[in-house]
Amino acid sequence: MKRIFSFFIAMAMALSMTACSLNQGQNADTAAAQNETTSSEKQAAQQEIPWDLRAIYPDEAAFEKEYSQTEAQIKTVSALRGRLNTTDGVVGYYAGFDEMSRLAGRLDAYATLQVQKDQSDSKAKELVGRVSNLLTRMSTETAFALPELFANSDSFLDKVAGDPRMKPYLIWFHRDRAESDHALPEREEQLLQPLYQMRDGAYNLYASLTGSDLTFPKIKFPDGTEVPADENHYAAAYNKNYSQEFRIAYYDAMMQTYGAFRNTLAQNLHNYYTAVTQSASLHKYGSALEADLAPTDTPISVYNGVLNAEEKTKPSLDRYFSLLRNSLGTTKLYSFETNASIAKDPGTTFPYEDARTLVKKALAPLGNDYANQLDVMLEGGAIDVYPAENKSTGAFAMPVSGTHPYILLNYTEDYNSVSTLAHELGHAAHMLYSQTQESSYGQNVSSLTSEVTSTLNELLLSDYMIQNAKTEEERQYYAAEQLSTLYKSFFTQAFFARFQEAAVREVENGGTLTADKLDELWLETTRDSYGPEYAVTDSYAAGWARIPHFYNGFYVYQYAVGISAACNIADRIQSGDAGAAEDYLTFLKAGDSGNVVDLLNLAGVDISNGNYINAFTARFERLLKEFE
């Protein structure tokens with residue numbers, strides 16, 4: 001039953017952190033962090049907008065009480081052994097497992113959020129360890145279920161599916177049934193627990209190392225400010241007004257730290273992909289990619305469609321790089337400079353209170369009910385806003401059953417910060433709407449559909465900023481920012497997917513992911529994906545070491561699907577289609593109650609073939625021509 005827990009792991013990493021850190025991967029989730037706040041006034045303000053975890057548990061005693069309830073629920077579910085040949089037994093199992101998962105998800109969120117707030121918090125890490133052990137027990141003590149359930153005849157399983165009590169759990173049941181050919185006997189599943197722990201531990205090690213233990217050298221910005229050359233200041237360093245020499249110096253200084261740990265990070269990534277590939281093989285999947293797509297019924301054509309479309313649009317990418325190089329006034333365009341803007345930043349700052357108002361105005365086309373969901377997030381202790389020592393970089397949204405989601409930001413008053421707020425609110429609204437589903441399983445939002453909701457908000461925000469710009473300089477800047485978002489969300493993620501596929505293939509073929517091998521694969525993929533306009537420094541070869549999403553299955557291609565689907569929805573809303581917003585809310589409320597193709601059909605997007613990507617390429621081409 002390992003895949004039941006993948007939701008908690010994925011959301012703790014998305015990690016969103018749903019959903020979401022692309023630059024430590026070049027995406028809105030981490031691109032938000034820029035200039036470090038230094039004034040005493042702003043430092044004081046930063047202490048005033050943390051999240052409040054008391055909405056989950058008012059105190060430690062409440063946590064312990066629910067921990068005990070979860071332990072008791074594990075016993076209740078495991079007591080159904082031998083009874084899954086009756087309809088009552090099967091219904092009881094799914095209802096009991098659903099409650100157990102709900103409780104465990106709350107425990108996991110409470111512990112994980114504390115660690116993300118402070119990676120040096122030993123007490124919080126102890127809680128994470130306890131919850132991790134509990135999840136292992138859940139998996140071990142319920143390993144009997146799938147083999148026992150699917151030893152029954154198809155006629156019996158059809159009868160179970162027709163029982164009205166199974167309605168809240170039908171998508172779950174159907175997915176289990178579809179995976180029955182990949183189920184292992186109980187004893188074998190139990191023996192695989194250390195493999196799952198190695199997989200999950202690889203991300204935990206990465207997060208701990210990069211979140212609290214790495215020390216980045218300080219670098220002086222052209223304005224005289226001296227700050228660490230780290231992820232939190234990465235976006236700020238690529239201001240087009242700075243010299244190329246400074247941009248190179250910043251990148252090399254940041255990569256110096258990753259490079260010092262490249263062998264450790266390579267071994268860790270090798271361990272992760274070893275666990276992933278071995279698990280897929282032992283469960284009789286043809287590949288790790290096939291195993292990753294199966295739980296959400298995602299056709300391989302969706303994955304391949306992204307890579308095929310990226311290959312066809314390389315001429316447009318070459319033109320974008322040429323534009324950017326000319327805009328920067330350089331003879332070479334280095335990898336990290338693709339984060340710069342084609343247009344000049346007007347230098348507008350956005351205090352957090354102003355950003356809240358701005359985002360709500362931009363998202364008004366989604367309707368009053370959607371605005372009410374935004375208020376749930378913006379008017380309570382649901383968002384931890386500002387950067388802080390030992391706090392995780394980037395941004396994410398995490399669902400919590402029974403209350404609102406939680407958002408982590410590293411807000412720095414620049415436009416990227418505003419865009420990141422809109423992005424994470426898209427995730428959060430999706431999570432809130434999905435709570436209308438009866439089961440906690442149905443309330444889970446798949447990472448693929450969740451990336452549609454976040455990138456749609458980014459598009460609506462940038463369109464609003466373009467339309468309401470006060471000067472031509474501002475309008476060009478916001479248009480350039482949207483062009484950059486399209487590039488990062490599609491082309492960068494397709495590049496990541498190609499690299500990840502090559503790394504996994506190396507392990508599947510019996511190879512070892514040493515630091516040198518990963519450097520080699522990274523450079524090969526760069527040459528294949530980006531062509532002659534793209535230059536690299538020596539330190540660039542270890543760029544793979546910065547990407548947390550490489551520890552989250554084959555996640556990265558989903559950003560490309562998300563931005564393409566979002567372009568379709570945004571076009572439909574902005575064309576005046578009266579039913580577009582209503583269809584979109586229907587999609588949000590559906591949670592994870594169907595496969596991704598059917599769910600996106602609710603929003604009017606058909607991802608079963610690659611034609612939906614045309615809306616992305618048309619938008620990218622339109623903006624590209626404007627700047628040309």
Side-chain angles (χ1 to χ4, degrees), residues 1-12 53-115 123-149 160 163 165-169 172-173 176 183 186-187 189-194 196-197 200 398-403 406 435 437-444:
M1 299 296 285
K2 59 157 185 9
R3 77 268 181 269
I4 297 301
F5 310 117
S6 63
F7 169 73
F8 303 120
I9 295 163
M11 295 313 295
L53 300 186
R54 289 177 297 179
I56 310 175
Y57 300 116
D59 50 41
E60 293 296 328
F63 173 89
E64 295 298 340
K65 180 180 179 181
E66 202 146 283
Y67 191 96
S68 296
Q69 290 175 344
T70 309
E71 291 182 309
Q73 191 66 15
I74 293 174
K75 293 179 181 179
T76 298
V77 174
S78 62
L80 292 169
R81 181 192 297 269
R83 295 179 53 196
L84 299 188
N85 57 356
T86 68
T87 302
D88 287 347
V90 176
V91 172
Y93 168 76
Y94 277 92
F97 203 108
D98 190 61
E99 175 63 9
M100 182 173 65
S101 299
R102 184 189 70 82
L103 294 171
R106 287 168 52 80
L107 296 170
D108 183 62
Y110 184 73
T112 299
L113 288 168
Q114 292 183 66
V115 171
K123 184 178 179 181
K125 289 184 176 181
E126 288 178 7
L127 284 183
V128 168
R130 287 181 62 198
V131 174
S132 178
N133 290 336
L134 190 68
L135 293 177
T136 299
R137 285 170 53 196
M138 288 170 61
S139 186
T140 300
E141 296 189 30
T142 59
F144 71 90
L146 287 187
E148 182 177 322
L149 178 61
V160 169
D163 191 297
R165 294 174 295 172
M166 283 294 290
K167 183 181 177 182
Y169 318 113
W172 182 0
F173 178 73
D176 281 347
E186 177 184 357
R187 180 57 179 162
E189 192 63 54
Q190 290 174 338
L191 290 173
L192 289 184
Q193 293 307 311
Y196 306 147
Q197 289 178 323
D200 303 339
M398 178 176 285
V400 184
S401 180
T403 186
Y406 282 83
Q435 290 181 359
Q437 291 294 312
E438 293 182 70
S439 69
S440 63
Y441 190 88
Q443 291 172 14
N444 295 353

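Given the structure is predicted, the values throughout are model-derived calculations rather than measurements.
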Could you tell me whether the side chain of [X] and the main chain of [Y] form a donor-acceptor pair under 3.5 Å?
| X | Y | value |
| --- | --- | --- |
| Gln114 | Tyr110 | yes |
| Thr70 | Glu66 | yes |
| Ser68 | Glu64 | yes |

Report the relative orientation of the aromatic rings in Trp172 and Tyr94; use parallel for angles under 30°, tilted for 30 to 60°, perpendicular for over 60°. perpendicular
Once the angle between the rings of Phe63 and Tyr67 is folded into 0 to 90°, is it parallel (under 30°), tilted (30 to 60°) or perpendicular (over 60°)? tilted
Inter-residue atom distance Thr76.OG1 - Met100.CE, 0.5 Å rounding: 9.5 Å
How long is the straight-line distance from OG of Ser401 back to CG of Leu107, given to the nearest 0.5 Å? 11.0 Å
side-chain contact (heavy atoms from CB on, under 4.5 Å) between Leu149 and Tyr93, intermediate numbers included: CA-CA 10 Å; Leu149 178 61; Tyr93 168 76; 5.7 Å; no
Atom CZ of residue position Arg54 - does it have more than 12 heavy atoms of other residues, nucleotides or ligands inside 6.0 Å? no
Under the salt bridge (Lys or Arg N to Asp or Glu O under 4.0 Å) definition, can you give me all pairs with a residue in residues 76-93, not counting sequence neighbours? Arg81-Glu186, Asp88-Arg165
Phe97 vs Tyr169 side-chain heavy atoms within contact, under 4.5 Å: no
Please identify which of these residues, Glu141, Gln190, Gln193, meets the side-chain contact (heavy atoms from CB on, under 4.5 Å) condition with Thr136. Gln193
